[in-house]
Amino acid sequence: MGKDNSKKLMWYNLGLMAFVSVWGFGNIVNNFANQGLTVITSWILILALYFVPYALMVGELGSTFKDGKGGVSSWIKDTMGPTLAYLAGWTYWVVHIPYLAQKPQGIIISLGWAIFQDGTTIKQMNSLTMQLICLVVFLFFLWIASRGVTSLGKIGTIAGMAMFIMSILYILLVVTAPAIRGVQVATPNITLNSFIPKFDFTYLTTLSMLVFAVGGAEKISPYVNNMKDPVKGFPKGMIALAVMVGVTAILGSFAMGIMFDANNRPDDLMMNGAYYSFQKLGAYYGVGNFFLILYSLANFAAQVSALVFSIDAPLKVLLLDTDDRYVPKALTKVNDKGAPINGYIMTTVLVSILIVIPALGIGDFNKLFNWLLKLNSVVMPLRYLWVFLAYIMLRKAIKGKYHSDYQFVKNSRIARGFGIWCFIFTAFACFLGMFPTDSAPFTSKWLFEFGLNIGTPFVLLGLGLILPKIARKQKNEQEEMNSTN
């Protein structure tokens, strides 16, 4: 009886849970800033050709490895062994370094909008000065995390829900504003051609931002086992998720086209677009900066919570769930609050480099913000490669070796084809995302950005190959010492 009660999630419950955890208003703003109204076609293509198979593969992996506590690392360990499982765990942690380097920017920008109610104060500040302030902010919240503060997670959840509700309201209020408030559409002469992308090299460099936006479906993999009818319910839930993402992405992008001229987009739309949007929304409905202040404060709380959580949780998964063959023992040392303090020091060194060095060669703070966001869109999706690799190996395994209550596709060859397609597409999008598009090719600024875009993922992933060698050396030294004693 207890077993039946535990399996009570319906397909619509799963779809809504996934929607809240995967989707955010920033995804709409950033991709509209990249592509304008043509992003509407891009959303349809990315959801149908990439997101739906990705989410359904994740469901099968979650159903197959019910007891795996390490997520993707557990999937890789079962299908490919412990060494690659460590590398998957390392990738999942290390891709958070650019993310951690940008979070302080988001905190300062949201606080600046809440206090000054405009974006010029922050935007006009010297980039190196701003990045040094960001470093101080990061170190402060690293100290908070090291004290074992966990209550911020609850605050972040409430703030995240508030932002989510405001994002849905924004879309509804803006799309209906021309009819009920007489608002003039900012983008002139919208026709069918306004939505058709020009499939050139510049367009291809924006694909990583779309992949970045729809990624993260593996967060919902554990819930497949709590469903009333996973075989029928999970695909229905994921298709419902894709429909909800598609509707909000399309209507949200159209709403942005109502507010901003899609053919002449502000250069700071990625940095300040969400705040401009809520400021304009307040003007449409005669409530001043009410929506802006509410969104800024909610975003501030959500950014702080995300920063503290991302400092702590991925690092603990890597260091405390990996054996001493791969991670030097010193890194696993914890303080009296349970925080891996030496791991925090390693995080601090890497994040500090990524905060300060780019400020020396990339223009103003707005350009620096845009660059770091685009770097995140290149680095973060690298972790999804392990998801697709695990799926390919799962469906390559001998029939009967693994059991799953839910299968995405019955035919193993077709299933592997989907896994290979998603793997190749992700790698392709990440690679092309490395090419800068906001400066002339082969100028000193272009070369500086391109060098950082290529060097950062290689250095971060390469460090993961060094740690096992250090761990092995230390272990051999310890064994020699024990044998001589």
Donor-acceptor side-chain pairing of Trp371 and Asn453 below 3.5 angstrom: yes
Neighbour count >12 (heavy atoms, 6.0 Å) for atom CZ, Phe418: no
Whether Trp421 side chain and Leu49 backbone form a donor-acceptor pair below 3.5 Å: yes
Whether Asn289 side chain and Leu292 backbone form a donor-acceptor pair below 3.5 Å: no
Exam field: side chain Arg383 to backbone Thr91, donor-acceptor pair closer than 3.5 Å: no
ring-ring contact (aromatic ring centres under 6.0 Å, His included), paired with Tyr295, selected from Phe164, Tyr275, Tyr170: Tyr275
Backbone N/O of Leu318 and side chain of Trp90: donor-acceptor pair under 3.5 Å: no
Greater than 12 external heavy atoms within 6.0 Å of Phe201's CZ: yes
Neighbour count above 12 (heavy atom, 6.0 Å) for Phe290 CZ: no
Geometric class of the Tyr50/Tyr54 ring pair [parallel <30°, tilted 30-60°, perpendicular >60°]: tilted
Other residues, nucleotides, ligands: >12 heavy atoms within 6.0 Å of Phe431 CZ: no
Backbone N/O of Ala339 and side chain of Asn335: donor-acceptor pair under 3.5 Å: yes
Electrostatic pair Lys123:Asp267 at N-O distance under 4.0 angstrom: yes
Aromatic ring proximity, centroids under 6.0 angstrom, Phe423 and Trp386: no
Heavy atoms from other residues, nucleotides or ligands near CZ of Phe450 exceed 12 (cutoff 6.0 Å): yes
Asn342 side chain vs Lys333 backbone, donor-acceptor pair below 3.5 Å: no
Side chain Asn299, main chain Ser110, donor-acceptor under 3.5 Å: no
N-O pairing of Arg265 and Asp261 below 4.0 Å: no
Cation-pi geometry met for Lys280 and Phe260 (6.0 Å, 45°): yes
Check: Asn376 main-chain N/O paired with Gln102 side-chain donor or acceptor under 3.5 Å: no
CG/Asp200: more than 12 non-hydrogen atoms of other groups inside 6.0 Å: yes
Crowding at OH, Tyr326 (>12 non-hydrogen neighbours, <6.0 Å): yes
